[in-house]
Amino acid sequence: MLASTDLPDYPAVLREVARVLRPGGRFVHVGVHPCFVGAFADWSQYPRVVVDERYAERALSFDSWNTQGVRARVGAWHVPLADLLTATVAADLRLVRVVETGQGGVPDLFGFLAVR
């Protein structure tokens with residue numbers, strides 16, 4: 001849970017999950033929605049959140065709109081939503097369900113269920 005931003009190669013994690021998961025086994029990913037984890041997401045006018053072009057960057061970043069937050073201290077690996085889903089399918093896992101949740105129509109959590 002909430003690990004995809006803390007690992008340098010989350011697609012490798014998904015490949016390992018697929019390797020050790022028995023047929024019919026389930027894998028659940030739960031995390032903060034990738035479009036809101038990084039300096040490209042400005043939460044200073046919440047509930048309005050502004051996402052800029054840096055969303056497409058795939059790298060470790062210590063930048064944060066909140067200089068006192070945890071990401072400014074430990075950093076975060078950014079993986080856009082499409083990359084997370086593509087990596088899941090590329091690992092030979094079958095997506096069963098994808099969920100975006102949050103208040104007021106703005107997703108803050110993202111999750112998916114995949115099976116082998």
Side-chain angles (χ1 to χ4, degrees):
M1 182 169 183
L2 303 173
S4 64
T5 59
D6 298 322
L7 303 165
D9 190 0
Y10 196 65
V13 171
L14 294 170
R15 290 189 299 273
E16 182 65 8
V17 166
R19 187 185 73 78
V20 300
L21 202 61
R22 66 178 165 215
R26 297 177 177 200
F27 172 73
V28 177
H29 167 103
V30 177
V32 176
H33 198 290
C35 72
F36 299 130
V37 182
F40 53 79
D42 181 351
W43 288 78
S44 64
Q45 298 176 35
Y46 185 80
R48 181 174 184 247
V49 182
V50 178
V51 177
D52 67 36
E53 69 277 357
R54 294 174 292 168
Y55 174 76
E57 295 176 5
R58 295 151 175 87
L60 176 64
S61 175
F62 291 86
D63 295 339
S64 175
W65 70 271
N66 175 2
T67 59
Q68 303 303 309
V70 67
R71 292 302 170 203
R73 294 189 303 270
V74 301
W77 291 92
H78 178 63
V79 182
L81 181 58
D83 288 8
L84 282 172
L85 297 177
T86 299
T88 303
V89 174
D92 292 327
L93 294 168
R94 183 172 54 90
L95 283 169
V96 174
R97 185 169 184 220
V98 177
V99 178
E100 297 175 296
T101 62
Q103 295 181 357
V106 177
D108 52 16
L109 290 177
F110 161 74
F112 64 81
L113 169 65
V115 298
R116 178 159 186 266

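Applying the salt bridge (Lys or Arg N to Asp or Glu O under 4.0 Å) test to residues at least two apart or on different chains, the pairs with a partner in residues 81-91 are R58-D83. Applying the salt bridge (Lys or Arg N to Asp or Glu O under 4.0 Å) test to pairs two or more places apart or on separate chains, those with a residue in residues 13-23 are D9-R15, E16-R19. For residues 96-116, no pair satisfies salt bridge (Lys or Arg N to Asp or Glu O under 4.0 Å), with sequence neighbours left out.
Shown here are the side-chain hydrogen bond (donor to acceptor under 3.5 Å, both in side chains) partners of D52, two or more places apart in sequence or in another chain: R54. Applying the side chain to side chain contact (heavy atoms under 4.5 Å, CB included) rule to P34 yields the partners Y55, H78, L81, L84, F110; only residues at least two apart in sequence or on another chain are considered. By the side-chain hydrogen bond (donor to acceptor under 3.5 Å, both in side chains) test, T5 is found to be paired with R71, residues two or more places apart in sequence or in another chain being considered. Listed by chain and residue number, nothing satisfies the ring pair (Phe, Tyr, Trp, His ring centres under 6.0 Å) test with F27 (two or more places apart in sequence, or in another chain). Taking E53 as the reference, nothing meets the side-chain hydrogen bond (donor to acceptor under 3.5 Å, both in side chains) condition, with sequence neighbours excluded. In this structure, the side chain to side chain contact (heavy atoms under 4.5 Å, CB included) partners of V96, at least two apart in sequence or on a different chain, are R94, L113, V115. In this view, D92 satisfies the side-chain hydrogen bond (donor to acceptor under 3.5 Å, both in side chains) rule with no residue, not counting sequence neighbours.
Taking hydrophobic clusters as Ile, Leu, Val, Met, Phe, Trp and Tyr residues chained together by side-chain heavy-atom distances below 4.5 Å, L85 does not share a cluster with W77. In this structure, F40 is a member of the same hydrophobic cluster as Y46, with clusters built from ILVMFWY side-chain heavy atoms closer than 4.5 Å. In the hydrophobic cluster analysis, where Ile, Leu, Val, Met, Phe, Trp and Tyr join through side-chain heavy atoms closer than 4.5 angstrom, V89 is grouped together with F112. Cluster annotation: V17 and L95 are assigned to the same hydrophobic cluster (Ile/Leu/Val/Met/Phe/Trp/Tyr, side-chain heavy-atom contacts under 4.5 Å, transitive). Note: the hydrophobic cluster containing F62 does not contain W43 (ILVMFWY, side chain heavy atoms under 4.5 Å, direct or indirect links).
For the atom pair OG1 (T88) and CG (L93), the distance works out to 6.5 Å, reported to the nearest 0.5 Å. Atom CG in L14 sits 11.0 Å away from atom OG1 in T86 (nearest 0.5 Å).
The minimum heavy-atom distance linking A91 with A18 is given by the pair O-CB, 2.9 Å.
With a 4.5 Å cut-off between side-chain heavy atoms of Ile, Leu, Val, Met, Phe, Trp and Tyr, the cluster of V50 takes in none.
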